[in-house]
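Below is one structure, written out as structure tokens, with a few remarks after it.
Order of listing sets the numbers, starting from 1, for every ligand and every atom in it.
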Amino acid sequence: MAKIKPRLFIMIGPQGSGKGTQAELLAKKLNLPVAVTGDILRAEIESGSEVGKRVKALINKGNLVTIDLWEQIMGTYLKNLKAPRGVIIDGSPRTYQQAQAMERIISKYNLPKPLAIYLDLPRDKAIKRLLKRQVCVGCRRSGAITDPEECRACGGKMVQRADDNIDAINRRLDLYEQETAPLIDYFAKRNELVQVNGDQSIQAVHQNIVHALKTFESATTHS
Ligand code: AMP
């Protein structure tokens, strides 16, 4: 079976579909960095830059970062990452505008082509998972409410996110369906998408992703 080529792997799926967890597992498997959009934006805020101040004002109000800021920050980050073997991106692109900006970034900095990994999970299952989710205040790893109070990865405290309540979950899923889900079609039409059933155990989803990526490479190598 074909080897997995360097790519900008993009995790797509509703909140709760396991994007962060699967990004980490795939990163370990392929020895790649993970670019977590929220972390990159928070690092920009921490830097105290003018751009960071604008990001902070938006994030604190619960708004998405504007497209110009997003393109500037993600572009600089991906350019500086120097990841010849690719990178796994979590949390972007979230909108059609961002998908287009991502194309500009790729051609400007001569980065590997994108390949979206779509984790398919029905809305009712996503809601159930989010209501039972805890995240680490230190490294933001997520786990189930039934997990120990200390994060397995960094020892930080595991807490429920303030926006993991039913009203906020429904609002976030509505936004996902309106703004992000259309990107599934966008990437599929460009032959830049693999789809995996997210409604399985963590390990099963991981194995399915690896298999789907290898199958994708075989198909594109021979076509
Ligand atoms: P998160 O850590 O994923 O919850 O992201 C924290 C905040 O960063 C979000 O509430 C948004 O304000 C912002 N953010 C994250 N990803 C994006 C994105 N792709 N586009 C715009 N803003 C984003």
Check your understanding: Are Y176 and D174 close enough that a side-chain donor and a side-chain acceptor fall under 3.5 Å?
Key -> no

Exercise for review: Would you mind checking which non-hydrogen protein atom is closest to atom 6 (C) of ligand 1, with the distance to 0.1 Å?
Suggested key: R42 NH1, 3.6 Å

Review point. Ignoring hydrogens and geometry, is there a side-chain-to-backbone donor-acceptor pair from E71 to I67 under 3.5 Å?
Key: no

**Study point:** Closest candidate by heavy atom, reference atom 7 (C) of ligand 1, pool I59, D90, D39
**Key:** I59

Check your understanding: Which atoms of ligand 1 have any heavy atom of R140 under 4.0 Å away?
Key -> 2 (O)

Exercise for review: Using atom types as modelled and distance alone, determine if a side-chain donor or acceptor of R7 lies under 3.5 Å from a backbone N or O of P112.
Suggested key: no

**Study point:** For atom 13 (C) of ligand 1, the option (of I40, L41, L69, T37) bearing the nearest heavy atom
**Key:** L41

**Study point:** Nearest non-hydrogen protein atom, atom 3 (O) of ligand 1
**Key:** R94 NH2, 3.7 Å

Review point. So which heavy atom in the protein is nearest atom 5 (O) of ligand 1, and how far is it from that ligand atom?
Key: G38 CA, 3.9 Å

**Study point:** Nearest-contact summary for atom 19 (N) of ligand 1 - protein heavy atom, Å
**Key:** G91 O, 2.8 Å

Point to revise | Under-4.0 Å heavy-atom contact with ligand 1, by part of N63 that carries it | key: backbone

Review point. Short list, please: which atoms of ligand 1 are under 4.0 Å from a heavy atom of S92?
Key: 19 (N)

Point to revise | Under 3.5 Å donor-acceptor, K19 side chain and P14 backbone | key: yes

Exercise for review: Under 4.0 Å, heavy atoms only, figure out whether ligand 1 is touched by the backbone of R172, its side chain, both or neither.
Suggested key: neither

Study note, to complete from the structure: dist I105:CD1 -> Q72:CD (nearest 0.5 Å) comes out at 10.5 Å

Check your understanding: Would Q134 and D147 count as a side-chain hydrogen bond (donor to acceptor under 3.5 Å, both in side chains) if you check the C-alpha gap in whole Å, the side-chain angles of each, and the deciding distance to 0.1 Å?
Key -> CA-CA 8 Å; Q134 289 195 115; D147 281 358; 6.0 Å; no

Check your understanding: Is there a donor-acceptor contact under 3.5 Å from the side chain of Q160 to the main chain of L131?
Key -> yes

**Study point:** contact_flag K19 ligand 1 heavy-atom lt 4.0 Å
**Key:** no

Review point. Among K61, R161, Q97, which one has a heavy atom closest to atom 4 (O) of ligand 1?
Key: R161

Check your understanding: N170 side chain to I166 main-chain N or O, any donor-acceptor pair under 3.5 Å?
Key -> yes

**Study point:** Region of L64 engaging ligand 1 - heavy atom pairs below 4.0 Å
**Key:** both

Review point. Hey, is atom 9 (C) of ligand 1 under 4.0 Å from any protein heavy atom?
Key: no

Review point. In the protein, what heavy atom is nearest to atom 20 (N) of ligand 1, and what distance, to one decimal place, separates them?
Key: Q98 NE2, 2.7 Å

**Study point:** Within reach of ligand 1, part of V65 (heavy-atom separation under 4.0 Å)
**Key:** both

Review point. Do you see a donor-acceptor pair shorter than 3.5 Å between the side chains of E44 and S49?
Key: yes

Review point. Salt bridge check: are R190 and E103 linked by an N-O gap of less than 4.0 Å?
Key: yes

